[in-house]
Amino acid sequence: MNRRNISYVLESELANQITSGKTESTLPVQEIGPACDVVVAFGGDGTILAAAQFTAKNDVPILGVNIGTLGFLTEIVTSELEDAVERLISGNYSTINRMALSVQILGNSCRDEFLSLNDVVLDKGASSRLIYIDAYVDGLFLNSYRADGLIVSTPTGSTAYSMSAGGPLMVPEMHAVIVTPICPHSVTMKPIIISCESSIELSIRPEAEHIQLNIDGQNKCDVHYTEKVKITRAAVDVPWISIGMHDFYDILRTKLNWGAGQPTFETERQP
């Protein structure tokens, strides 16, 4: 970056782990968004989700560089970074707006509002008992889920916990919400896709007393049976940089090993 005369800052904790011959410009993670035109996040999906919490409100796009394991949210790996930076500098990239969710806990008083790019998980926590979660969509009763929990996911989060629980995969550009039960007691309880413009309210039965709410794996809190979780589409989308080196389907094939050993057309025709 110095070679191209481009100014940059490092997140403070990251800077402490990097040995450099000079003092770098650093900022705490909370201040990175307003100070940058682009944020490059190194890590796995969890790191990217954490970065999105601080960049979304400033409409700053994120480029994810995978140094984790699966990395569904990261388009490139470290060996491709130099080429990716050159594309950024030359403007040879596109931006995808990924929808996010707004999450509120409603009770005697309204708690803080949370942003979720990935998913909202309401589950039984450390308890060994199934819980009942009553779900309403736009004020209309959807279902009473007797299960280990319930996942409300964005298309971005469709490759995460929702996928593991049997939910469908969705391309990131879509605007919809997936409701997926976790280990439901009845096999008739299936995932459902609803409009992103709908309002979802979740509540638990009194016998559960309280259960755990997990937002993007970043924010955790207990929810009492007297409270409700309200989920709506967030007022802001999260801009995402695509360098064009790997498309979403390429990432799926790589991460999920799709098409491995698939014969070619020419091979199929051989006697």
Side-chain angles (χ1 to χ4, degrees), residues 39 41-56 62-77 96-103 114-125 133 135 145 147-184 189-194 196 200 202 211-221 223 229 231-234 236-242 246-258:
V39 169
F42 295 84
D45 287 350
T47 302
I48 313 301
L49 292 171
Q53 294 286 328
F54 300 103
T55 61
I62 299 175
L63 172 64
V65 182
N66 186 27
I67 56 174
T69 50
L70 280 179
F72 279 103
L73 302 185
T74 52
E75 182 177 325
I76 65 172
V77 294
I96 300 171
N97 287 323
R98 299 192 179 213
M99 66 160 285
L101 299 172
S102 170
V103 187
F114 299 95
L115 178 79
S116 171
L117 172 62
N118 212 50
D119 54 30
V120 181
V121 180
L122 198 60
D123 64 36
K124 63 182 183 177
I133 301 176
Y145 294 93
D148 283 352
L150 196 66
I151 306 164
V152 179
S153 168
T154 66
T156 295
S158 70
T159 54
Y161 197 0
S162 178
M163 178 180 70
S164 300
L169 299 180
M170 300 179 71
V171 295
E173 297 90 340
M174 291 188 69
H175 292 164
V177 179
I178 310 166
V179 179
T180 307
I182 305 169
C183 297
M189 293 185 179
K190 300 296 184 182
I192 184 172
I193 300 173
I194 65 174
C196 66
I200 301 171
L202 307 176
I211 58 178
Q212 180 176 271
L213 179 68
N214 191 320
I215 302 166
D216 282 3
Q218 309 295 319
N219 297 293
K220 291 184 180 181
C221 56
V223 177
V229 177
I231 303 169
T232 56
R233 182 175 180 178
V236 296
D237 292 336
V238 179
W240 214 260
I241 291 176
S242 176
H246 305 284
D247 59 49
F248 178 67
Y249 305 108
D250 185 23
I251 294 172
L252 288 183
R253 288 193 302 272
T254 301
K255 305 302 181 181
L256 300 178
N257 204 29
W258 283 3

Residues in side-chain contact (heavy atoms from CB on, under 4.5 Å) contact with T47, at least two apart in sequence or another chain: none
Heavy-atom check, side chain of L101 versus side chain of I215, under 4.5 Å: no
Qualifying residue, where the test is side chain to side chain contact (heavy atoms under 4.5 Å, CB included) with I200 and the options are T232, I194, V229, L150: I194
For D237 against M99, the heavy-atom pair lying closest together: OD1-CA, 3.5 Å
Close side-chain approach of Q53 to N219, heavy-atom, < 4.5 Å: yes
Side chains of M163 and L256 in contact at under 4.5 Å (non-hydrogen atoms): yes
Set of side-chain contact (heavy atoms from CB on, under 4.5 Å) partners for P239, sequence neighbours left out: D59, P61, T95, N97
Any residue meeting salt bridge (charged side-chain N to carboxylate O under 4.0 Å, His left out) with D148, in chain and number order, not counting sequence neighbours: K124
Test item: Y249 and V171 side chains (from C-beta on) under 4.5 Å apart, heavy atoms: yes
Shortest non-hydrogen contact between L169 and S158, atoms and distance: CD2-O, 3.4 Å
K220: side-chain contact (heavy atoms from CB on, under 4.5 Å) partners, not counting sequence neighbours: Q212, N214
Sub-4.5 Å side-chain heavy-atom contact between F114 and L213: no
Chi angles and distances behind the side-chain contact (heavy atoms from CB on, under 4.5 Å) call for V121, I182: CA-CA 9 Å; V121 180; I182 305 169; 4.0 Å; yes
Shortest non-hydrogen contact between P181 and M189, atoms and distance: CG-O, 3.6 Å
W240 side chain reached by L117 side chain, heavy atoms, under 4.5 Å: yes
Side chains of L252 and F72 in contact at under 4.5 Å (non-hydrogen atoms): yes
Sub-4.5 Å side-chain heavy-atom contact between T74 and V65: no
Contacts of I193 that satisfy side-chain contact (heavy atoms from CB on, under 4.5 Å) - sequence neighbours left out: P168, M170, A176, I178
Non-neighbouring partners of D247 that pass salt bridge (charged side-chain N to carboxylate O under 4.0 Å, His left out), sequence neighbours left out: none
